[in-house]
Participant: 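Structure incoming, see below.
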Amino acid sequence: MADDHVAAGRGTTDRMVDLALRGAIGAARRLPYERRVAAMGRLTTHALGPAAGYRRRAERNLGLIWPEMSAQRRAALSRAVCDNLGRTLIENYSGEEFARILPDAPVEDAGLDTIARARADRRPVLFVTGHFGNHEAPRRVLSRMGYEIGGLYRPMSNAFVNDHYAATMQGVSGPVFAKGRRGLTGFLRHLKSGGMATILFDLHDQGGSMIDFLGRPARTALTAAELALRFDAPLVPYFGIRRPDGIGFDIAVEAPIPHDEPLAMMREATRRLEARILRDPGQWFWVHNRWKADRPRPAA
């Protein structure tokens, strides 16, 4: 009975969060595009982010990685993190308006020849990226260039929010699969048929391998590298980097990661993401529990 009450309470809270988010998104979408993006950034920085504990969590993680950083700098970066989150959220709900402000081609294009050859040979391609800038921006740009790119994503814990947020990923370019047995089956079928797809690899993975990330070990899934080897697919990092104006983006499609054993490949993927974060730490989502401690094993 107690568990039922807890579940009911959480369901009510999730519904309230969803209704508040829908209201904020609906109000923002009535604004012209640039004002909408800036307004959602401000709202997330000053209201939604603090209420959800995001700013506090971001400051804690920043202190974990850079203990010598001043409190003022951590606070400023946590505000930038929330601003980027709010902007990313409304961008992804803005569909074609978001697509229209994106560049016609990547500014860094070392991986373009690789993916063009793979398409010509009907080989699959796996893209890897992280929650940096707006991770949907490169997929939209490559889609406009004629590439169909699906994805594998981890569903949100709030099912109400997940339903409509997942819909923003559908219809952009290629099928999108929720992580889980059914989703993974569809994802593997998509790759086997020569499809292209994206994996965001910068979330804590309880069964992952320890890889140093920004100077501290973090459990990291090897899935992207394992699938690249299994399907003989290039593993190509790409990023959508927000410009200083807060609206525009530069797209980077990097040189593919050479095939090696999976741990070495994901170490290189991590290094590529680290390089982006070190250039502009406010664009990474420091809210994730990336360095979550392992749960203690029960006594024998």
Participant: Determine whether a donor-acceptor pair (N or O, by modelled atom type, separation under 3.5 Å) exists between the side chain of Arg242 and the backbone of Gln283.
Facilitator: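 Side chain of Arg242 to backbone of Gln283: no pair is present.
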Participant: Report, one line per pair, each donor and acceptor closer than 3.5 Å where one atom sits in a side chain of residues 114-122; sequence neighbours left out.
Facilitator:
unit_1: Arg119; atom_1: NH1; unit_2: Gly146; atom_2: O; d: 2.9

Participant: Looking at Arg29 and Ile90, what are the two nearest heavy atoms and their distance?
Facilitator: CG-CD1, 3.9 Å
Participant: Got a second to check how far Glu91's CD is from Ile101's CD1, nearest 0.5 Å?
Facilitator: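 Here the rounded value is 6.0 Å.
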Participant: Taking salt bridge (charged side-chain N to carboxylate O under 4.0 Å, His left out) as the criterion, tell me which of Arg36, Arg35, Arg140 meets it with Glu97.
Facilitator: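 That would be Arg36; it is the only one of Arg36, Arg35, Arg140 passing the salt bridge (charged side-chain N to carboxylate O under 4.0 Å, His left out) with Glu97.
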Participant: In chain order, what residues pass the ring pair (Phe, Tyr, Trp, His ring centres under 6.0 Å) check against Phe239, with sequence neighbours excluded?
Facilitator: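 Counting only residues at least two positions away or on another chain, Phe239 forms no ring pair (Phe, Tyr, Trp, His ring centres under 6.0 Å).
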Participant: Taking all non-hydrogen atoms of both residues into account, name the closest pair between Arg123 and Pro234 and its distance.
Facilitator: NH2-CD, 3.6 Å
Participant: My understanding is that only residues two or more places apart in sequence, or in another chain, count here; which of them pass salt bridge (charged side-chain N to carboxylate O under 4.0 Å, His left out) with Asp109?
Facilitator: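 None.
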Participant: Mind checking side chain to side chain contact (heavy atoms under 4.5 Å, CB included) for Asp245 and listing every partner two or more places apart, or none if nothing turns up?
Facilitator: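 In terms of side chain to side chain contact (heavy atoms under 4.5 Å, CB included), with neighbours along the sequence ignored, Asp245 is linked to Arg243, Ile247.
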Participant: About how many Å separate NE2 of His288 and CG of Leu200, when rounded to the nearest 0.5 Å?
Facilitator: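 Those atoms lie 8.5 Å apart.
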Participant: Heavy-atom distance under 4.5 Å between the side chains of Leu229 and Leu235, does that happen here?
Facilitator: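 Side chain of Leu229 against side chain of Leu235, heavy atoms only: no contact under 4.5 Å found.
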Participant: Phe187 and Ala197: which non-hydrogen atoms are nearest, and at how many Å?
Facilitator: CE1-CB, 3.3 Å
Participant: Under the side-chain contact (heavy atoms from CB on, under 4.5 Å) criterion, do Leu142 and Phe127 qualify, and how do the steps go?
Facilitator: CA-CA 11 Å; Leu142 289 174; Phe127 297 97; 4.0 Å; yes
Participant: Listed by chain and number, what are the side-chain hydrogen bond (donor to acceptor under 3.5 Å, both in side chains) partners of His131, not counting sequence neighbours?
Facilitator: Asp202
Participant: Listing request: all salt bridge (Lys or Arg N to Asp or Glu O under 4.0 Å) pairs with a residue in residues 42-69, at least two apart in sequence or in separate chains.
Facilitator: none
Participant: Does the side-chain contact (heavy atoms from CB on, under 4.5 Å) test come out yes or no for Asn84 and Thr44, once each step is laid out?
Facilitator: CA-CA 9 Å; Asn84 184 67; Thr44 306; over 6 Å; no
Participant: Do Leu112 and Pro106 have side chains that approach each other closer than 4.5 Å (heavy atoms only, starting at C-beta)?
Facilitator: yes
Participant: As an exercise, state the distance from CG of Asn61 to CZ of Arg216, rounded to the nearest 0.5 Å.
Facilitator: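 Spacing of CG (Asn61) from CZ (Arg216) equals 10.0 Å.
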Participant: Return the CE to CG distance between Met69 and Leu62, rounded to the nearest 0.5 Å.
Facilitator: 5.5 Å
Participant: Are the side chains of His259 and Met265 in touch, meaning some heavy atoms are under 4.5 Å apart?
Facilitator: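 In contact.
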Participant: Minimum heavy-atom separation for Ile241 and Ala252, please, with both atom names.
Facilitator: CD1-CB, 4.0 Å
Participant: Start with the C-alpha distance between Phe98 and Tyr93, add both sets of side-chain angles, then the distance that settles side-chain contact (heavy atoms from CB on, under 4.5 Å), and finish with yes or no.
Facilitator: CA-CA 8 Å; Phe98 175 40; Tyr93 276 90; over 6 Å; no
Participant: Can you pull the salt bridge (Lys or Arg N to Asp or Glu O under 4.0 Å) pairs that have at least one residue in residues 252-269, sequence neighbours excluded?
Facilitator: Glu254-Arg272, Glu254-Arg276, Glu268-Arg271, Glu268-Arg272
Participant: Using a cut-off of 6.0 Å, state whether more than 12 heavy atoms not belonging to Glu34 lie near its atom CD.
Facilitator: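 Incorrect, the count does not exceed 12.
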Participant: With sequence neighbours excluded, what pairs up with Val81 under the side chain to side chain contact (heavy atoms under 4.5 Å, CB included) test?
Facilitator: Phe285, Trp286, Val287
Participant: Under the criterion side-chain contact (heavy atoms from CB on, under 4.5 Å), which of Glu108, His135, Arg139 is the partner of Tyr238?
Facilitator: Arg139
Participant: Residues two or more places apart in sequence or in another chain: which of them pass side-chain hydrogen bond (donor to acceptor under 3.5 Å, both in side chains) with Asn289?
Facilitator: none
Participant: Taking the side chain as C-beta and beyond, is there a heavy-atom pair between Leu273 and Pro237 under 4.5 Å?
Facilitator: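 No, too far: nothing below the 4.5 Å cut-off.
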Participant: For the residue pair Ile251 and Pro103, establish whether any side-chain heavy-atom pair is separated by less than 4.5 Å.
Facilitator: yes
Participant: Looking at Asp83, is its backbone amide N or carbonyl O close enough to the side chain of Thr45 to form a donor-acceptor pair, meaning the two atoms are under 3.5 Å apart?
Facilitator: yes
Participant: With Pro124, which residues qualify under side chain to side chain contact (heavy atoms under 4.5 Å, CB included), at least two apart?
Facilitator: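 By the side chain to side chain contact (heavy atoms under 4.5 Å, CB included) rule, Pro124 matches Leu191, Phe231, Ala233.
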Participant: Heavy atoms, side chains only, cut-off 4.5 Å: are Val141 and Met145 in contact?
Facilitator: yes
Participant: Return the minimal non-hydrogen interatomic distance between Met266 and Ala224, and the atom names on each side.
Facilitator: SD-CB, 4.2 Å
Participant: Nearest 0.5 Å please: distance from the CE atom of Met40 over to the CG atom of Leu43.
Facilitator: 5.5 Å
Participant: Quick one, Leu263 and Thr220 - any side-chain contact, counting heavy atoms below 4.5 Å?
Facilitator: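 Side chain of Leu263 against side chain of Thr220, heavy atoms only: no contact under 4.5 Å found.
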Participant: Taking all atoms of both residues into account, what is the closest heavy-atom pair of Met210 and Pro217, and its distance?
Facilitator: SD-CB, 3.9 Å
Participant: Residues two or more places apart in sequence or in another chain: which of them pass ring pair (Phe, Tyr, Trp, His ring centres under 6.0 Å) with Phe213?
Facilitator: Trp284, Trp291
Participant: Taking everything shown except Phe249 itself, do over 12 heavy atoms lie less than 6.0 Å from its CZ?
Facilitator: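 Yes, the 6.0 Å shell around CZ holds more than 12 heavy atoms from other groups.
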Participant: Kindly compute the distance separating CZ (Arg219) from CG (Asp205), expressed to the nearest 0.5 Å.
Facilitator: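 So the CZ of Arg219 and the CG of Asp205 are separated by 9.0 Å.
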Participant: Yes or no on side-chain contact (heavy atoms from CB on, under 4.5 Å) for Arg87 and Asn134, after CA distance, side-chain angles and deciding distance?
Facilitator: CA-CA 9 Å; Arg87 288 172 184 262; Asn134 186 324; over 6 Å; no
Participant: My understanding is that only residues two or more places apart in sequence, or in another chain, count here; which of them pass side chain to side chain contact (heavy atoms under 4.5 Å, CB included) with Ser70?
Facilitator: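 Partners of Ser70 under the side chain to side chain contact (heavy atoms under 4.5 Å, CB included) test: Gln72, Arg73.
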